[in-house]
Amino acid sequence: MSDPRDPKSANTMWGGRFAEGPSAIMTAINASIGFDQRLYAQDIAGSRAHAAMLAAQGIISSKDAEAIGEGLLAILSEIEAGNFPFTPDLEDIHLNIEARLTERIGEAGKRLHTARSRNDQVAVDFRLWVRDQCDQAIAGLTGLMRAFLAQAEAGADWVMPGFTHLQTAQPVTWGHHMMAYVEMFARDRSRFQDARNRMNECPLGAAALAGTSFPIDRHMTARALGFDRPTANSLDSVSDRDFALEFLAAASICAMHLSRFAEELVIWSSAQFRFVRLSDRWTTGSSIMPQKKNPDAAELLRAKLGRILGATVALFTVMKGLALTYSKDMQEDKEQVFDAADSLMLGLAAMTGMVSDMTANREVLKAAAASGFSTATDLADWLVKALGLPFREAHHVTGALVAMAERKGCDLPDLTLEQMQSVHAGITADVFGVLGVENSVRSRTSYGGTAPDQVRAQIARWQKALG
Ligand code: ARG
């Protein structure tokens, strides 16, 4: 028999019909052990569940199953201690572990692969891994939501400019702006939860593609691995990666949200805006300009969507047009997902840190809120409510007042009553009551609006929901 660790011999795991081993280049393109060793814990869990089931069904002896179970645990320690002899000649994590098992426990190790194929093995390993990443994303997002909630609570009634087109639109509250992100990240969280619920079916036991003639119990392995049920079609089980695509899609949307707040932080922390101060822990200095404090973490977060969306497009492209069932193309799924998941988890942690540490500059926010004719809409609304003007006409009158203030180089509340009356004779001194930014935000009491009472109600709702 050939030696699995001799690169010149035919592969012991499948080489029965081969007279010679693969070329070095074939080994290089074929081997996935360089990256799929990340699946070792899932692979061992899947194999342990499979062996226990085989014994329970009388397919292998309990003695062999015990030896397999113990051998796999020993291998787990070996890998975690960093002294497992990984080799590309054994292609992937599945064959590396199985060959090592036989090396350690002898004959019994060779029985593990009964009623199983690497096709259902990799499907279950990868699902377990992605499922775990969904849990991590959910936990990370919960932490991030808490950080935004704390910011919202501290400044529920602080006024700041609200923007459209990045032009001053209407005054809003800091709390309201922070809570906008709580809503976004809550939806991201529910997307990971939905994806997790859908992927929680066990493909193990689909074997190569058609199922098996051995009397296996797929419900038992599904239960042992924490799945809700076994998958219902063996061809589908070994050939789809939609669970990974759903994870990547959810990750992409989440990274897009992260990038938007990252961009706001870059703008807000600039000397021109000074809306927030980022802590030293999340910024870097310049080696030539001593005054600089650069928002590098925010900039990197703004960029991360590039690679996460890139991974998503890559996996879609790998899967597109693949005839059923398994094809080796699908080995290209893992590196993309690993990289996207790593980027996302790091991004969530960094954003949580930045949000927790940042300080809003309340006075600057307030001054900015009052500039740029931010209460023009309040003035137009007042003309409708107090003078009975149709909104379009009120809009026109207000536009004329804005133009007048602009000509005079002042803000709306700085115009005198006489100046206002020269545009519309009906205007009274009451109008000044709506031109202040505090009054403006207090008046926006519609459900979901920026009034501090509304914001506080949303904060309370989320605090309760997050527990
Ligand atoms: N390393 C392979 C992958 O990641 C495992 C499955 C291989 N199956 C096969 N029939 N060669 O997809």
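Whatever order the structure lists ligands and atoms in, that order sets their numbers, starting from 1. Being a predicted model, the structure only gives us computed values, none of them experimental. Hydrogens, waters and symmetry mates are skipped; everything else that's a heavy atom, side chains included, is used.
Using modelled atom types, one side-chain atom of His50 and one backbone atom of Thr114 make a donor-acceptor pair closer than 3.5 Å. Not a single donor-acceptor pair under 3.5 Å links the side chain of Gln454 to the backbone N or O of Gly449.
Note that OG1 of Thr283 is 9.0 Å distant from CZ of Arg277, once rounded to the nearest 0.5 Å.
Between Arg100 and Glu103, at least one side-chain nitrogen of the basic residue sits less than 4.0 Å from a carboxylate oxygen of the acidic one, meeting the salt-bridge criterion.
Scanning both residues, Ala99 and Leu90, for their nearest heavy atoms gives CB-CD1, 3.6 Å.
Residues satisfying the side chain to side chain contact (heavy atoms under 4.5 Å, CB included) test with Ala147, not counting sequence neighbours, are Thr352, Val355, Ser356.
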Show me the short polar-atom pairs for ligand 1: any N or O of it lying under 3.5 Å from a protein N or O, with distances only.
unit_1	atom_1	unit_2	atom_2	d
ligand 1	1 (N)	Ser32	OG	3.3
ligand 1	1 (N)	Asp92	OD2	2.9
ligand 1	1 (N)	Gln331	OE1	2.7
ligand 1	4 (O)	Lys334	NZ	2.5
ligand 1	8 (N)	Asn119	OD1	2.9
ligand 1	10 (N)	Asn119	OD1	3.0
ligand 1	12 (O)	Tyr326	OH	2.4

